[in-house]
Amino acid sequence: MTIEEKQEKIVEEFSVFDDWMDRYNFLIDLGKDLDVLSEKDKNRDYLIEGCQSKVWLKPDLREGRVYFSADSDAIITRGIVALLVRVLSGHTPAEIMDADLSFIDRIGLRQNLSPTRSNGLLAMVKQMKLYAIAYSSKMKG
Amino acid sequence: MTIEEKQEKIVEEFSVFDDWMDRYNFLIDLGKDLDVLSEKDKNRDYLIEGCQSKVWLKPDLREGRVYFSADSDAIITRGIVALLVRVLSGHTPAEIMDADLSFIDRIGLRQNLSPTRSNGLLAMVKQMKLYAIAYSSKMKG
Amino acid sequence: MLNIEEIRSQFPILQTRVYGRPLVYLDNGATTHKPLVVLNKLQEAYTSFNSNVHRGVHALSDKASVEYEGARETVKRFINAPLVSEIIFTSGATASINLVAFSFGERYISAGDEVIISEMEHHANIVPWQMVCKRKGAVLKIIPVLDDGTLDMERYRELFSSRTRIVAVTHVSNALGTINPVREITRIAHDNGVPILIDGAQAIQHGNVDVQDIDCDFYLFSGHKVYGPTGIGVLYGKSEYLNEMPPWQGGGDMVDRVTLEETTFNELPFKFEAGTTNFIGAVGMAAALDYLKSTGIEEIGLREKELLDYATRKLEGIEGLRIIGTAPEKIPIISFLLEKVHMYDAGMILDKMGIAVRTGTQCAQPLINRFGTDGVIRASMTFYNTMEEIDALAAGIVKVKEMME
Amino acid sequence: MLNIEEIRSQFPILQTRVYGRPLVYLDNGATTHKPLVVLNKLQEAYTSFNSNVHRGVHALSDKASVEYEGARETVKRFINAPLVSEIIFTSGATASINLVAFSFGERYISAGDEVIISEMEHHANIVPWQMVCKRKGAVLKIIPVLDDGTLDMERYRELFSSRTRIVAVTHVSNALGTINPVREITRIAHDNGVPILIDGAQAIQHGNVDVQDIDCDFYLFSGHKVYGPTGIGVLYGKSEYLNEMPPWQGGGDMVDRVTLEETTFNELPFKFEAGTTNFIGAVGMAAALDYLKSTGIEEIGLREKELLDYATRKLEGIEGLRIIGTAPEKIPIISFLLEKVHMYDAGMILDKMGIAVRTGTQCAQPLINRFGTDGVIRASMTFYNTMEEIDALAAGIVKVKEMME
Ligand SMILES: Cc1ncc(COP(=O)(O)O)c(C=O)c1O
Ligand SMILES: Cc1ncc(COP(=O)(O)O)c(C=O)c1O
């Protein structure tokens with residue numbers, strides 16, 4: 001699936017919820033299902049610090065594609081992280097760099113991304129793109 | 001005339017004016033009529049500095065009574081000074097200390113006395129009373 | 001007894017709905033809402049006497065000046081300060097503390113001197129002192145906090161030395177609600193010959209403050225936390241210190257004579273009010289203080305005690321909920337942790353139920369860390385809150401727990 | 001062409017009567033009035049999203065934060081700053097200058113260094129520099145003013161030395177109305193490798209300001225002089241300097257990690273915004289800037305030129321009236337003296353006719369003294385003033401002269 005297709009899929013999944021609680025329950029379930037990072041990987045190198053919840057993001061380049069694993073100490077954040085990983089993981093650096101993550105808006109998570117909510121989510125998207133840029137120049141270099 | 005009687009007289013004089021311009025014209029005339037202080041007396045010792053107009057006040061104790069002479073570089077201030085001198089000059093320190101200068105309110109000059117109008121008028125009344133206190137303790141001493 | 005319904009009708013924002021649910025605002029420690037009298041006063045100021053104070057000879061400026069100086073009188077009476085010239089308007093509690101840290105520091109603090117603060121302070125009463133200590137080569141000494149969230153008074157007594165220059169302590173903890181024994185704390189400082197600053201940012205809105213009774217040398221608070229506008233605050237200081245301290249900011253109105261070579265400064269309080277002050281903010285804050293007075297400070301105190309007791313009982317009944325801060329004397333602030341639920345998750349879900357609480361370090365990282373955590377969930381109430389809102393909070397927390405399990 | 005009647009109807013206070021006469025407000029240099037959009041925005045803020053910014057996870061706080069950061073965007077666009085993180089909200093122009101004088105001073109100014117200001121500065125751009133020079137043992141150098149009220153550019157060029165650390169000059173003189181050639185002044189500073197601060201307090205409300213075009217390193221202004229609320233101001237600074245400078249105030253929100261031993265600071269712009277900022281003031285000011293944009297900055301400039309030309313002609317025609325400040329480029333400010341009439345008498349009498357002017361040193365004592373006087377009468381106009389009001393002023397002055405003779 002392309003990044004676009006994955007986003008469409010997520011939007012579709014969320015469209016059945018007309019209530020915030022259901023959406024959160026879904027995010028919580030996603031969070032629970034996300035593979036945890038090993039304690040060893042939850043280190044400063046992989047930490048993206050928001051003010052209130054911690055996010056660890058670990059990238060891996062295999063055969064020209066980036067695979068992310070991630071974790072958070074807050075479960076809703078884990079859920080959101082899970083969505084981002086699902087959308088971006090397994091794509092090429094170029095695809096990730098160019099990705100327009102419209103699903104965030106469309107499932108109503110935009111406010112969770114606003115720079116004024118100190119949950120590090122914006123920082124996370126930024127970090128994923130930065131890794132992609134780094135890999136991309138490495139591959140060229 | 002007592003200080004009280006002088007104040008009544010002034011209030012009566014002002015009562016004929018129902019317009020600010022007339023009142024100011026009257027003050028200006030009073031200002032013009034006030035004897036000027038000699039340049040020699042317009043010195044730092046006698047200066048009461050407001051922000052915008054300067055007032056000089058010179059006290060003199062003769063036979064147990066205080067005589068004030070005064071001047072200002074602004075003519076309306078001179079007019080107000082003239083009124084104060086007229087009311088308080090020639091009285092005993094005790095009378096001056098106790099004087100309740102209600103006429104200021106009654107002729108509508110209160111706002112010119114507010115501490116926020118920086119014309120030094122409040123400072124002037126204070127200074128006149130301070131001189132009275134000083135003379136009074138000197139006379140006792 | 002307060003008529004809470006009538007009171008709530010005075011605060012338009014309390015009628016707000018968020019996500020379609022009635023707002024339950026329990027973040028009063030961060031900022032309080034404004035009653036209509038305050039909003040109306042601001043409107044009146046902007047439409048009938050807006051004009052620069054102290055500056056003009058004209059009627060509007062005079063009116064503005066009279067209102068502004070009247071606000072100063074109101075503040076003086078509200079905290080029972082001895083002199084109106086000891087009331088300085090600032091842009092907020094933070095600015096008030098920074099003013100003292102800088103100006104007191106310039107005059108009285110040298111290398112090797114000591115400043116005492118407590119472990120309980122808001123960052124606003126930590127960082128300015130760290131900054132001045134760093135600049136001057138002075139040392140910060142810390143009064144520890146006990147497990148119930150009160151100050152360790154014994155250690156406090158032992159912190160003084162001949163080099164102690166000032167004590168800076170909060171009246172009420174913004175994170176735990178603890179009301180400190182400020183009279184005693186002040187007496188101890190004075191017994192050691194040391195002046196004291198009391199941070200009243202969380203105290204002023206909840207009860208009587210009498211600076212002469214406390215006998216503190218500096219006291220300060222913010223307008224926005226006492227039902228007034230943003231951008232205005234107060235510093236009270238004893239003139240014996242204020243007169244000695246150099247100005248903090250330079251600008252218009254705080255000067256006497258300015259030449260390019262030398263400037264002499266205006267008298268108190270103007271020496272510390274550089275530039276165009278927030279005179280409309282000051283007038284609005286005075287309206288808020290008048291509102292509190294007329295509502296009844298005593299009644300407000302009683303009401304808030306009821307709210308605190310009720311909320312404490314309710315929350316204590318929830319399994320896995322641990323209250324941080326159990327001092328005998330508290331304002332209606334309850335900080336807590338949930339076993340197995342991250343504070344951030346709790347805050348996010350409560351928000352979606354319309355319940356506004358604050359999560360995180362509460363701008364008091366050292367204190368929060370002392371309790372072995374990164375952050376807490378804080379419900380901070382005030383007299384316009386209701387028992388029903390506390391019920392909603394408790395129900396919300398139970399729901400959060402269910403969702404997480 | 002602006003529809004002045006329509007514009008005046010947007011400013012409720014202009015309908016005021018003083019002493020039974022219509023208010024003629026010619027003290028806009030001291031503070032400007034607020035259009036309805038600003039008053040409505042303040043009301044909206046207090047009744048629909050009042051809540052502490054950056055602090056809470058809840059909806060109200062998020063709304064407030066979005067509005068506050070939106071205001072920062074608006075300011076950035078208004079002055080064409082490169083980065084939104086280079087826009088710092090302060091409590092006013094005076095605070096902005098004090099921030100730079102302190103923080104830049106701490107980082108870059110040492111004993112024997114030099115700071116250049118001009119003889120034309122408002123006290124707000126004199127005293128903070130005197131204070132930092134005194135603290136650091138640095139020297140203040142002065143650009144003289146010529147007889148027409150312009151800067152002596154030749155002397156300016158000669159003032160630089162290898163010890164010059166910063167130049168601080170006003171964009172527009174509050175006392176004379178002179179518009180300084182800030183691009184050229186900046187270029188000369190930069191040619192000497194020296195950064196420059198421009199005081200925009202009297203410029204922002206009258207025309208286009210483009211900080212990238214000027215290329216200045218710091219620019220600042222006050223909300224209340226640009227039709228916004230009191231208690232809010234702006235500092236723009238290039239991040240290459242702001243990043244290097246230590247914070248000015250310590251407190252909440254400006255920190256990253258706080259321990260009792262050490263504190264690390266937040267990134268720009270928050271490093272310089274300690275404590276609860278006047279976020280409602282910021283939002284109100286942004287509404288004022290939007291109002292100016294939609295009214296048309298160009299049109300406002302043209303209108304003000306007309307007012308200035310008309311008023312200059314009118315006043316020049318009065319015998320014994322001497323205008324101080326005759327620079328070719330001016331905003332609509334006219335300062336003048338009357339032969340044989342004390343400025344204070346003139347101000348008092350004009351006031352009673354409903355005409356608000358300012359008398360005195362205009363918070364620019366050195367400049368006023370340079371013109372051989374203690375004070376002047378200043379009529380400061382803005383686009384909502386009318387030709388009829390200028391006629392009223394002229395007639396008033398004639399009347400004053402008659403009364404005095
Ligand atoms: C040129 C100039 N600079 C600075 C200031 C100070 O502004 P504020 O008093 O709003 O801080 C003023 C206003 O009085 C001014 O005219
Ligand atoms: C105890 C305490 N001190 C100081 C402050 C700082 O107040 P402000 O942010 O209004 O300057 C606060 C508020 O956050 C506080 O709770």
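In this structure, chain C has a heavy atom under 4.5 Å from the backbone of D/Ser48, while its side chain stays farther away. Only the side chain of D/Leu23 comes within less than 4.5 Å of a heavy atom in chain C; its backbone stays farther off. D/Leu42 touches chain C through its side chain: at least one heavy atom from C-beta onward sits under 4.5 Å away, while N, CA, C and O do not. Neither the backbone nor the side chain of D/Ala364 comes within less than 4.5 Å of any heavy atom of chain C. When heavy atoms are compared at a cutoff of 4.5 Å, D/Thr32 approaches chain C solely by way of its backbone atoms N, CA, C and O. Contact of C/Leu260 with chain D is made through backbone and side chain together, with heavy-atom distances under 4.5 Å. Both the backbone and the side chain of C/Val258 come within contact range of chain D, each with at least one heavy atom under 4.5 Å from a heavy atom of that chain. Heavy-atom distances place no part of D/Gln362 under 4.5 Å from chain C, backbone and side chain included. With a threshold of 4.5 angstrom between heavy atoms, D/Glu261 approaches chain C through N, CA, C or O but not through any side-chain atom. Using a 4.5 Å cut-off between heavy atoms, D/Pro229 contacts chain C through both its backbone and its side chain.
Of the listed residues C/Leu39, C/Ile126, C/Ile97, the one with more heavy-atom pairs under 4.5 angstrom with chain D than any other is C/Leu39. Taking chain D as the reference chain and counting heavy-atom pairs below 4.5 Å, the highest number among C/Glu119, C/His33, C/Gln15 is found for C/His33. The candidate with the highest count of non-hydrogen atom pairs below 4.5 Å against chain D, out of C/Trp248, C/Phe11, C/Phe279, is C/Trp248. The candidate from C/Glu106, C/Glu121, C/Lys134, C/Arg135 with the greatest count of non-hydrogen atom pairs under 4.5 Å with chain D is C/Arg135. Contact count versus chain D (heavy atoms, under 4.5 Å) is highest, among C/Asn278, C/Val38, C/Leu140, C/Ile355, for C/Asn278. Chosen from D/Ala95, D/Gly354, D/Ser222, D/Ala282, the residue pairing most often with chain C at heavy-atom distances under 4.5 Å is D/Ala95.
The two residues C/Tyr46 and D/Ile13 have their closest heavy-atom pair at O-CD1, 3.8 Å. Closest approach of D/Gln365 to C/Arg257, counting heavy atoms only: OE1-CA, 3.6 Å. Contact detail for D/Cys363 and C/Gly252: the closest heavy-atom pair is SG-CA, 3.9 Å. Nearest heavy-atom pair, D/Ser91 versus C/Ser91, reported as atom, atom and distance to 0.1 Å: CB-CB, 3.8 Å.
For the atom pair CG (D/Asn98) and CD (C/Gln249), the distance works out to 4.0 Å, reported to the nearest 0.5 Å. Atom CG of residue C/Asp253 and atom OG1 of residue D/Thr94 lie 9.5 Å apart, to the nearest 0.5 angstrom. Considering CD1 of C/Ile232 and OG1 of D/Thr230, their distance stands at 8.0 Å, rounded to 0.5 Å. Taking CG from D/Asp27 and CG from C/Leu60, the interatomic distance works out to 9.0 Å, rounded to the nearest 0.5 Å. Rounded to the nearest 0.5 angstrom, C/Arg358 CZ and D/Ser61 OG are separated by 8.5 Å.
A 4.5 Å side-chain heavy-atom check between C/Thr16 and D/Phe49 finds every atom pair outside the cut-off. Looking at heavy atoms from C-beta onward, C/Val357 lies out of side-chain contact with D/His58 at the 4.5 angstrom threshold. The side-chain heavy atoms of C/His224 and D/Ile280, taken from C-beta on, include no pair separated by under 4.5 Å. You'll find the side chain of C/Thr276 stays beyond 4.5 Å of the side chain of D/Thr31, heavy atoms only. Looking at D/Lys63 and C/Val18, their side chains never come closer than 4.5 Å, going by heavy atoms from C-beta outward.
The backbone N or O of C/Thr259 lies less than 3.5 Å from a partner atom in the side chain of D/Gln130, making a donor-acceptor pair. C/Asn50 places no side-chain N or O within 3.5 Å of a backbone atom of D/Lys34 that could act as its donor or acceptor partner.
Relative orientation of the D/Phe102 and C/Phe102 rings is perpendicular, given thresholds of 30° and 60° on the angle between their planes.
Within 6.0 Å of the NZ atom in D/Lys141, the count of heavy atoms belonging to other residues, nucleotides or ligands does not exceed 12.
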